[in-house]
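In what follows, residues are counted from 1 in the order of the sequence shown. Since this is a predicted model, take the numbers as computed values, not measurements.
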Amino acid sequence: MVETHLAREFTVSAKTVWELLENFGDISWAPGIDKIELIGSGIGMTRRLHIAGLPEPIDEVLTAQDPSTMTFSYDIPRGVPMPVTNYSANAKVTALGDDRCRIDWYGRAEPNGVSEKEAIAMINSAYEMLLQWIADRLLVAA
């Protein structure tokens, strides 16, 4: 099992970032998704992401969410787009002032056919991409 963490600061309020992330079913800020299916609602819901070129959809299951601490957790039980299994992640938005905040993204997974170092690098690359998409969306909204 590997664990990794990536963080990025933003020059917008934590409330603004949380408003983007709190609706787990809306990932419209992430480009390249052809279709999103929502199965269920609230904790336990699945957002099924259909992405061209992937052999199967990615199922992301919301496992926890706490608006008071601006945190959420999710697992990917099917379609992980990296050579890992038992993938789970959690994200936290932290206020650093009125118009500054930080997102911390944590991940855990079991490497599958790659080294621990390679698995961590792939997960971190995915988080860098997610954080950049969030930054891009917030700049457009500003």
Side-chain angles (χ1 to χ4, degrees), residues 1-40 42-97 99-142:
M1 182 69 69
V2 296
E3 295 186 9
T4 188
H5 166 239
L6 203 64
R8 182 167 178 174
E9 291 187 12
F10 295 84
T11 55
V12 296
S13 71
K15 180 180 182 280
T16 298
V17 172
W18 181 246
E19 286 173 352
L20 181 68
L21 298 178
E22 73 177 325
N23 181 357
F24 188 74
D26 180 5
I27 191 168
S28 59
W29 47 267
I33 299 170
D34 296 326
K35 178 178 153 187
I36 300 170
E37 290 177 72
L38 300 180
I39 303 162
I43 306 302
M45 77 177 292
T46 298
R47 65 180 178 200
R48 179 167 289 159
L49 310 176
H50 295 266
I51 299 172
L54 293 183
E56 65 179 336
I58 301 169
D59 282 357
E60 297 182 331
V61 179
L62 182 65
T63 57
Q65 186 174 46
D66 185 350
S68 69
T69 59
M70 292 187 281
T71 59
F72 68 94
S73 301
Y74 62 98
D75 293 342
I76 303 180
R78 179 178 87 134
V80 180
M82 297 173 274
V84 298
T85 59
N86 299 320
Y87 177 89
S88 63
N90 61 292
K92 178 175 178 55
V93 180
T94 303
L96 301 175
D99 291 316
R100 284 185 51 243
C101 70
R102 182 181 69 241
I103 300 176
D104 290 274
W105 220 288
Y106 301 87
R108 291 158 301 287
E110 193 67 46
N112 185 14
V114 296
S115 71
E116 289 186 355
K117 183 178 179 181
E118 290 170 316
I120 289 170
M122 285 183 232
I123 295 168
N124 280 346
S125 177
Y127 294 165
E128 286 172 3
M129 191 170 44
L130 283 169
L131 293 169
Q132 185 59 51
W133 289 337
I134 293 166
D136 292 346
R137 172 56 65 97
L138 293 171
L139 286 174
V140 167

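Looking at Leu6 and Leu130, their side chains never come closer than 4.5 Å, going by heavy atoms from C-beta outward. Residues Thr71 and Asn90 form no side-chain contact, since every pair of their non-hydrogen atoms from C-beta on lies 4.5 Å or further apart. The closest side-chain heavy-atom distance from Pro77 to Val61 is below 4.5 Å. Under the 4.5 Å side-chain criterion, counting only non-hydrogen atoms from C-beta, Glu128 is not in contact with Arg8. With a 4.5 Å cut-off on side-chain heavy atoms, Ser28 and Arg137 count as touching.
Atom-to-atom distance recorded for His50:NE2 and Asp34:CG is 9.0 Å, nearest 0.5 angstrom. Rounded to the nearest 0.5 angstrom, Glu60 CD and Leu49 CG are separated by 4.5 Å. Atom CG of Asp104 and atom NZ of Lys92 lie 8.0 Å apart (nearest 0.5 Å). If you take CD1 on Ile76 and OG1 on Thr85, they are separated by 12.0 Å, rounding to the nearest 0.5 Å. Interatomic distance, CG of Leu138 versus OG1 of Thr16, reported as 7.5 Å (0.5 Å rounding). Interatomic distance, CD of Gln65 versus CG of Asn23, reported as 8.5 Å (0.5 Å rounding).
The aromatic rings of Trp105 and Tyr127 sit tilted, their planes meeting at an angle between 30° and 60°.
Looking at residues two or more places apart in sequence or on another chain, you find a side chain to side chain donor-acceptor pair (under 3.5 Å) between Asp59 and Arg48, Arg78. Taking Ala95 as the reference, Ala14 meet the side chain to side chain contact (heavy atoms under 4.5 Å, CB included) condition, with sequence neighbours excluded. In this structure Ser125 satisfies the side chain to side chain contact (heavy atoms under 4.5 Å, CB included) test with no other residue, sequence neighbours excluded. Residues passing the side chain to side chain donor-acceptor pair (under 3.5 Å) test with Asp66, sequence neighbours excluded: Ser68, Thr69. In this structure Asn124 satisfies the side chain to side chain donor-acceptor pair (under 3.5 Å) test together with Thr4, sequence neighbours excluded.
Between Cys101 and Val17, the shortest heavy-atom contact is SG-CG2, 3.4 Å. Ser88 approaches Asp75 most closely through the heavy-atom pair CB-OD1, 2.9 Å. When all heavy atoms are compared, the tightest approach of Ala89 to Tyr87 is CB-OH, 3.5 Å. For Ala7 against Arg102, the heavy-atom pair with the smallest separation is CB-CD, 3.9 Å. Contact between Ala109 and Ile123 at its shortest, heavy atoms only, is CB-CD1, 4.0 Å. Considering every non-hydrogen atom in both Pro83 and Met122, the closest pair reads CD-SD, 3.3 Å.
With hydrogens and angles ignored, the 3.5 Å screen pairs a side-chain donor or acceptor of Glu110 with a backbone N or O of Met1. In terms of modelled atom types and a separation under 3.5 Å, the side chain of Ser73 and the main chain of Thr63 share no donor-acceptor contact.
Every pair passing ring pair (Phe, Tyr, Trp, His ring centres under 6.0 Å) that includes a residue from residues 3-27 is listed here, sequence neighbours excluded: His5-Tyr106.
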Review point. Going through the distances and angles, do Ile103 and Val93 end up as a side chain to side chain contact (heavy atoms under 4.5 Å, CB included)?
Key: CA-CA 5 Å; Ile103 300 176; Val93 180; 4.3 Å; yes

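Arg108 and Asn86 share no donor-acceptor pair across their side chains, judged by distance under 3.5 Å alone.
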